[in-house]
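Structure first, commentary second.
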Number of protein chains: 2
Amino acid sequence: MIENRRQVRTDGTGNADILETAAQCFMEQGFSATSIDDVARRLGATKGRIYHYYSSKTDLFFDVHREGLERLFQAVEPVMGIEGSGVVRLRAMLTAHAMAMMTNAAFEAVVVQGVHMHRMAATTPDQRRTLDDLIAIRRRFEGLFKQVLQEGVDDGSIRNIDISISAKAMLGAINWLSVWYRPASDETEMDRQMLAERIVTTQIDGVRS
Amino acid sequence: MIENRRQVRTDGTGNADILETAAQCFMEQGFSATSIDDVARRLGATKGRIYHYYSSKTDLFFDVHREGLERLFQAVEPVMGIEGSGVVRLRAMLTAHAMAMMTNAAFEAVVVQGVHMHRMAATTPDQRRTLDDLIAIRRRFEGLFKQVLQEGVDDGSIRNIDISISAKAMLGAINWLSVWYRPASDETEMDRQMLAERIVTTQIDGVRS
DNA sequence: CAAGTGCATACTACTGAGTATGTTGTTGAC
DNA sequence: GTCAACAACATACTCAGTAGTATGCACTTG
């Protein structure tokens, strides 16, 4: 477990705000186009505050990335163990994933950006390790879906397909939400739920027996 | 028709090289993280050459973007008019799209990046118009799929689904290729064809009657 | 041979990451 | 109750990188 946060505030008003604001900026402008001053300005603060908690812009990005991944796990893992055949559980997982993508749009946009950084020139060895760590976590996340896909094939509820490719395609359809989805101002939880169901239904019907 | 290229070389050795190299750089590092000097260095040249043809980095990016879109149209439009029901034509279009995403990985990665630039602070009014133009072209491209989806619903070969959402999900599954697909060194056209077929089959089975 | 093309070279002006240092509260030891 | 240490920032720098420009120079073309 590598720790890039210098400190974690106990009152939850410092670090969490930085993380949230950074996620917003990274979502809107991307990693490179976002300056630390941008984040600070939006926080109503200065660089000093950010560099007090994070030793570099990259570390800040990685921490947002990690938070985004954690939220995905928290959304998907609980529904993984529900009753039902493989296809039933897969549907619940995909729906939870889609909901998480919309609810935590900023953080998950950073996760998506992170995918492109695999080959990034992470300067320090520490950052390299952190990045590899994040990649491993994302692999584990993808693995959850592959596992349930396989269980579905085994119990006959899912067609005999190439699991690796199907997983990438299905997750792609959902992750693509971070590209085009922007919350409407008057949008309710129900609206998001409807949208998630529709996307997932199409994907599930594509693999169901 | 707004023209951002100052000149187009007739021998096809100047501009095309710049475009290709720029696409590579933009794919690997993204727009902001790519410097004009990066592109020039990779070309074995200097900034002078690039600024001779393009008046700004943004204009260069837009031209790569436009080329990427044109290649998508050239891949998809021809197969749109083949014989067959809606679902048959849709499958052919999606497959052509997937193949184009892999064959022109660099250019299409730029197209995907361009999606995020909708809200970009395009400085000059000229650039604003060019960007709006590109957005319109992309809308038209998405429209092709929606149209055939609708025709499929009408002729009964496709289930009665929400066309707009299904189109986004299906195209998302395919566009996601630009995130994870990297050509293997010993990869053949057949390998790509197989991959495309598998992704598309899952998507088609999700909407077929 | 004059005008323009196709670049390279050599600048400028600015942004932006990271640092060094100051300043104000807070906390715990005695 | 006080004082030293430290947390939580703000301020004021440095310096490398980078977009864009100005200019020079060989080579081609009408």
Side-chain angles (χ1 to χ4, degrees), chain A residues 3-22 25-26 28-64 117 120-127 130-131, chain B residues 3-22 25-26 28-64 117 120-127 130-131:
Chain A
E3 193 58 52
N4 286 292
R5 284 168 282 211
R6 283 193 183 154
Q7 305 285 340
V8 179
R9 270 228 242 169
T10 50
D11 59 8
T13 60
N15 236 303
D17 282 351
I18 293 178
L19 228 52
E20 188 80 38
T21 307
C25 291
F26 287 143
E28 292 171 11
Q29 321 193 50
F31 174 73
S32 308
T34 298
S35 75
I36 296 285
D37 286 311
D38 283 343
V39 181
R41 203 173 311 139
R42 193 147 170 172
L43 266 171
T46 64
K47 293 160 99 122
R49 179 163 172 200
I50 294 171
Y51 278 105
H52 181 68
Y53 293 97
Y54 296 95
S55 54
S56 76
K57 179 178 159 183
T58 303
D59 286 330
L60 173 57
F61 182 85
F62 284 166
D63 209 30
V64 176
M117 292 203 172
M120 179 176 142
T123 43
T124 78
D126 249 29
Q127 288 175 353
T130 305
L131 184 52
Chain B
E3 192 57 52
N4 287 293
R5 282 168 282 211
R6 284 193 183 153
Q7 305 284 340
V8 179
R9 271 227 243 168
T10 49
D11 60 7
T13 60
N15 235 301
D17 282 351
I18 293 178
L19 228 52
E20 188 80 37
T21 307
C25 291
F26 287 143
E28 291 171 11
Q29 322 194 50
F31 174 74
S32 309
T34 299
S35 75
I36 295 285
D37 286 312
D38 284 342
V39 181
R41 203 172 311 138
R42 194 147 171 172
L43 265 170
T46 64
K47 294 161 98 121
R49 178 164 172 199
I50 294 172
Y51 277 105
H52 181 69
Y53 293 97
Y54 296 96
S55 53
S56 76
K57 179 178 159 183
T58 303
D59 286 330
L60 173 57
F61 182 85
F62 284 166
D63 209 31
V64 175
M117 293 205 172
M120 178 178 144
T123 42
T124 78
D126 248 29
Q127 288 175 352
T130 305
L131 184 52

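Predicted, not measured: the structure shown is a model, and the values here were computed from it. Below, chains carry the letters A, B, ... as their sequence lines are ordered, and counting in each starts from 1.
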>> Just by distance, no angles: are the side chains of B:Asp59 and B:Ser55 close enough, under 3.5 Å, to form a donor-acceptor pair?
In response: yes

Roughly how many Å is it from [atom1] in [X] to [atom2] in [N], rounded to a whole number?
{"X": "A:Phe61", "N": "C:dG18", "atom1": "CZ", "atom2": "C1'", "result": "19 Å"}
{"X": "B:Ile36", "N": "C:dC7", "atom1": "CD1", "atom2": "C1'", "result": "15 Å"}
{"X": "B:Ile50", "N": "D:dT21", "atom1": "CD1", "atom2": "C1'", "result": "15 Å"}
{"X": "B:Tyr53", "N": "D:dA19", "atom1": "OH", "atom2": "C1'", "result": "20 Å"}
{"X": "B:Asp37", "N": "D:dT21", "atom1": "CG", "atom2": "P", "result": "14 Å"}
{"X": "A:Asn15", "N": "D:dA7", "atom1": "CG", "atom2": "P", "result": "14 Å"}
{"X": "A:Lys47", "N": "C:dG22", "atom1": "NZ", "atom2": "C1'", "result": "17 Å"}

> Toward the 5' end of DNA chain C, which comes first, A:Lys57 or B:Gly44, by nearest nucleotide?
Replying inline: B:Gly44

> Between A:Phe31 and A:Gly48, who's closer to the 5' end of DNA chain C by nearest nucleotide?
Replying inline: A:Phe31

If you only use heavy atoms from C-beta on, which nucleotide in [options] is closest to the side chain of [X]?
{"X": "A:Tyr51", "options": "D:dT18, C:dA17, C:dC7", "result": "C:dA17"}
{"X": "A:Ser56", "options": "C:dA17, D:dA7, C:dG18", "result": "C:dG18"}
{"X": "B:Arg49", "options": "C:dC7, C:dA17, D:dA10", "result": "C:dC7"}
{"X": "B:Ala45", "options": "D:dA8, C:dA8, C:dG16", "result": "C:dA8"}

> Can you check whether A:His52 has a side-chain N or O nearer than 4.0 Å to OP1 or OP2 of D:dA8?
Replying inline: yes

>> Any side-chain N or O of B:Tyr54 below 4.0 angstrom from OP1/OP2 of D:dG20?
In response: no

> Parallel, tilted or perpendicular for A:Phe31 and A:Phe26, by the 30°/60° rule?
Replying inline: tilted

> If you look at every strand shown and take non-hydrogen atoms under 4.0 Å, does A:Thr34 touch a base, only sugar-phosphate, or nothing?
Replying inline: sugar-phosphate

> Is B:Ser35 touching bases, backbone alone, or none of the nucleic acid, heavy atoms closer than 4.0 Å?
Replying inline: sugar-phosphate

> What pair of heavy atoms forms the shortest contact from A:Ile36 to A:Ile50, and how long is it?
Replying inline: O-CD1, 3.7 Å

> So which heavy atom on A:Lys47 is nearest to which on A:Ala40, and how close?
Replying inline: N-CB, 3.7 Å

>> Evaluate A:Leu60 against A:Leu19 for side chain to side chain contact (heavy atoms under 4.5 Å, CB included), listing each step before the verdict.
In response: CA-CA 8 Å; A:Leu60 173 57; A:Leu19 228 52; 4.3 Å; yes

